[in-house]
Amino acid sequence: MKSDVRRQGIMEFLMDTGQAGVDDLALRFGVSKMTVHRDLDELEESGFLRKVRGGASIQPSSLFESDFRYRQKQATEEKQRLAAAAVAMIEPGQTVIIDDGSTAGGIARHLADLRPLTVISNNLAVIQELAGAGGINLIALGGQYSKKFHGFFGLLAEASLKSLRADVAFLSSSAIHGASAFHQDQEVVQAKRLMMAAATRKYLLVDHGKFGRTALHFLTDLSAFDAVFTGRAPEPGVRAALEAAGVSLTVMDKGS
């Protein structure tokens, strides 16, 4: 098996399991543990996984954000509720920004009923969903494509965002600590900040698992959003701190 095929196989296996040991990977792919270590080193250097004691993981940490394909499989039912709730914030004829996140990206499939709309996004999944859709004026942000985030970032994307204005922006974040949002990647943070600056109204969509986490880069205080949507109420102490900070929290649980 060629090394690139084997490394792709390792990633596909991790997409299902979240993490795996070197011994298990060596047995699964019929290679030595040394070969597995070399594969993991290469994948870690490319930003697709993080090596841990005895193996590798694609689960998030304060320094590492998961691959888009893995995040798409997490909290799917909750993310669908959040996307459906977000659509209520949109009116036909508006200009909407959708960021690279798997949570905010779920809005795209709901937009057909609100046409006409202008949609701005750096999220390739959103771009593919809306490409050619009648009544949707799609503005795809250029820039450098990130396979890990399945979106476009960098100077070109940032220059485009600085020249655009929108009625509403929907963002997601990988970590909520206290009354602030954080992310592991500085280019992603910069793109999200520019999306917020370009929009009149701003909404954050985060599944409940993001609360109590932290990440390397500060994104923004949650009070900068018109509302924060989540799918399950956080712990009472967390919610009290959010209210004290002036954060408008909307909980879309299964009974909503």
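Everything numeric here is computed off the predicted structure, so don't read it as measured data. Below, all heavy atoms of this structure are taken into account, side chains as well, without hydrogens, waters or symmetry copies. This chain uses plain numbering: 1 for the first residue, then up along the sequence.
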Task: For Val251 against Ala233, the heavy-atom pair lying closest together - done: CG1-N, 3.5 Å
Task: Partners meeting salt bridge (charged side-chain N to carboxylate O under 4.0 Å, His left out) with Asp4 (sequence neighbours left out) - done: none
- [ ] Could you please spell out the steps behind the side chain to side chain contact (heavy atoms under 4.5 Å, CB included) verdict for Ser174 and Phe182?
- [x] CA-CA 7 Å; Ser174 58; Phe182 294 82; 5.9 Å; no
Task: Nearest atoms (heavy-atom pairs only) where Ser173 meets Ala181 - done: OG-CB, 3.6 Å
Task: Criterion salt bridge (charged side-chain N to carboxylate O under 4.0 Å, His left out) on Asp207 and Lys210, from CA distance to verdict - done: CA-CA 6 Å; Asp207 67 76; Lys210 303 297 173 56; 3.3 Å; yes
Open item on the list: With salt bridge (charged side-chain N to carboxylate O under 4.0 Å, His left out) as the criterion, how do Asp99 and Lys192 come out once you've worked through the C-alpha distance, each side chain's angles and the decisive distance to 0.1 Å?
Closed with: CA-CA 7 Å; Asp99 80 352; Lys192 291 178 187 291; 2.5 Å; yes
- [ ] Could you state whether Ile97 and Leu194 fall into the same hydrophobic cluster, counting links through intermediate Ile, Leu, Val, Met, Phe, Trp or Tyr residues with side-chain heavy atoms under 4.5 angstrom apart?
- [x] yes
TODO: Flag yes if more than 12 heavy atoms outside Gln144 fall under 6.0 Å of its CD atom; otherwise flag no.
DONE: no
Open item on the list: Taking CZ in Arg69 as the centre, count heavy atoms belonging to other residues, nucleotides or ligands within less than 6.0 Å. Is the count above 12?
Closed with: yes
Open item on the list: Other residues, nucleotides and ligands only: do more than 12 of their heavy atoms fall within 6.0 Å of CD on Glu77?
Closed with: yes
TODO: To the nearest 0.5 Å, tell me how far Ser57 OG sits from Phe64 CZ.
DONE: 7.0 Å
Open item on the list: When you measure from the side chain of Thr35 to the backbone of Val31, do you find a donor-acceptor pair of N or O atoms at a distance under 3.5 Å?
Closed with: no
TODO: Begin from the C-alpha positions of Lys202 and Val168 and carry the test side chain to side chain contact (heavy atoms under 4.5 Å, CB included) through to its verdict.
DONE: CA-CA 6 Å; Lys202 298 162 280 290; Val168 57; over 6 Å; no
Open item on the list: Any salt bridge linking Arg81 with Asp253? Criterion: basic side-chain nitrogen under 4.0 Å from a carboxylate oxygen.
Closed with: no
- [ ] Please check if Phe29 and Leu49 belong to a single hydrophobic cluster, counting links between Ile, Leu, Val, Met, Phe, Trp and Tyr side chain heavy atoms closer than 4.5 Å.
- [x] yes
Task: Whether Tyr203 and Phe170 hold their rings parallel, tilted or perpendicular, with breakpoints at 30° and 60° - done: parallel
Task: Validation row: Phe229, Val206 side chains within 4.5 angstrom (heavy atoms) - done: no
- [ ] Give a yes or no answer on whether the side chain of Gln59 reaches the backbone of Gly18 with a donor-acceptor pair at less than 3.5 Å.
- [x] no
- [ ] Supply the atom-to-atom distance Thr230 OG1 to Leu242 CG, rounded to the nearest 0.5 angstrom.
- [x] 10.0 Å
TODO: First locate atom CG of Asp167, then atom CD of Gln94, and finally report the distance between them rounded to the nearest 0.5 Å.
DONE: 4.5 Å
- [ ] Could you check Ser62 against Gln184 for side-chain hydrogen bond (donor to acceptor under 3.5 Å, both in side chains), going step by step and ending with a plain yes or no?
- [x] CA-CA 6 Å; Ser62 62; Gln184 298 88 341; over 6 Å; no
TODO: State whether the side chain of Lys79 and the backbone N or O of Gln74 hold a donor-acceptor pair below 3.5 Å, judged by distance alone.
DONE: yes
- [ ] Flag the pair His37 / Val22 as yes when at least one side-chain heavy-atom distance between them is below 4.5 Å, and no otherwise.
- [x] yes
TODO: Identify the heavy atoms of Ser121 and Asn123 that sit nearest to each other, and give their distance.
DONE: OG-N, 3.0 Å
Open item on the list: Check this for me: does any side-chain nitrogen of one of Glu65 and Arg71 sit under 4.0 Å from a carboxylate oxygen of the other?
Closed with: yes
TODO: Could you tell me whether Lys33 and Asp23 make a salt bridge, using a distance below 4.0 angstrom between a side-chain N and a carboxylate O?
DONE: yes
Open item on the list: Checking Ser3 against Arg6 for the side-chain hydrogen bond (donor to acceptor under 3.5 Å, both in side chains) test, could you report, in this order, the C-alpha distance in whole Å, the side-chain angles of both residues, the deciding distance, and whether it holds?
Closed with: CA-CA 5 Å; Ser3 60; Arg6 186 176 59 252; 5.0 Å; no
- [ ] Answer yes or no: is there an ion pair linking Asp39 with Arg7, defined by an N-O contact shorter than 4.0 Å?
- [x] yes
Open item on the list: I'd like to know whether CD of Glu235 has more than 12 heavy-atom contacts from other residues, nucleotides or ligands below 6.0 angstrom.
Closed with: no
Open item on the list: Which heavy atom of Gly101 sits nearest to which heavy atom of Ser172, and what is that distance?
Closed with: CA-OG, 3.1 Å
Open item on the list: Just so I know, are the side chains of Ile90 and Leu111 near enough to count as touching, which here means a heavy-atom distance under 4.5 Å?
Closed with: yes
Open item on the list: Hydrophobic cluster membership, with links at side-chain heavy-atom distances under 4.5 Å among I/L/V/M/F/W/Y: are Leu25 and Met34 in one?
Closed with: no
Open item on the list: Is the shortest side-chain heavy-atom distance between Arg165 and Thr95 below 4.5 Å?
Closed with: no
- [ ] Please tell me if the side chains of Tyr145 and Leu124 come closer than 4.5 Å, counting only heavy atoms from C-beta onward.
- [x] yes
Open item on the list: Closer than 3.5 angstrom, by distance alone: can the side chain of Ser66 be matched with the main-chain N or O of Ile58 as a donor-acceptor pair?
Closed with: yes
- [ ] Might you point out which heavy atoms bring Ala20 and Leu14 nearest each other, and give the distance in Å?
- [x] N-CD2, 3.6 Å
Task: Neighbour count above 12 (heavy atom, 6.0 Å) for His177 NE2 - done: no
Open item on the list: Is it true that, when you exclude Gln186 itself, more than 12 heavy atoms of the residues, nucleotides or ligands shown sit nearer than 6.0 Å to its CD?
Closed with: no
Open item on the list: Rounded to the nearest 0.5 Å, what separates atom CG in Asn122 from atom CG in Leu141?
Closed with: 5.5 Å
- [ ] Indicate if Leu117 and Val126 have the same hydrophobic cluster label, given that clusters are the connected sets of ILVMFWY residues with side-chain heavy-atom separations under 4.5 angstrom.
- [x] yes
Task: Test item: Asp100 and His150 side chains (from C-beta on) under 4.5 Å apart, heavy atoms - done: no
Task: Sub-4.5 Å side-chain heavy-atom contact between Phe225 and Met196 - done: yes
Open item on the list: If you compare all heavy atoms of Gly154 against all heavy atoms of Glu187, which two are closest, and at what distance to 0.1 Å?
Closed with: CA-OE2, 3.8 Å
Task: Intermediate values then yes/no, side chain to side chain contact (heavy atoms under 4.5 Å, CB included), Leu249 and Glu243 - done: CA-CA 8 Å; Leu249 182 67; Glu243 291 175 352; over 6 Å; no
Open item on the list: If I take atom CG from residue Leu63 and atom CZ from residue Arg50, how far apart are they, to the nearest 0.5 angstrom?
Closed with: 9.0 Å
Task: Heavy-atom check, side chain of Leu219 versus side chain of Val188, under 4.5 Å - done: no
Open item on the list: Working to the nearest 0.5 angstrom, can you tell me the gap between Leu130 CG and Ile139 CD1?
Closed with: 12.0 Å
TODO: Is it possible for you to check whether Lys73 lies under 6.0 Å from the centre of the six-membered ring of Phe68, through NZ or CZ, and within 45° of that ring's axis?
DONE: no
TODO: Evaluate the ring planes of His183 and Phe149, with Trp represented by its six-membered ring, and classify them as parallel (under 30°), tilted (30 to 60°) or perpendicular (over 60°).
DONE: tilted
- [ ] Check for a donor-acceptor pair, side chain of Glu78 on one end and backbone N or O of His208 on the other, with a separation under 3.5 Å.
- [x] yes
Task: Common cluster, Leu216/Leu222, ILVMFWY with side-chain heavy-atom separation under 4.5 Å - done: no
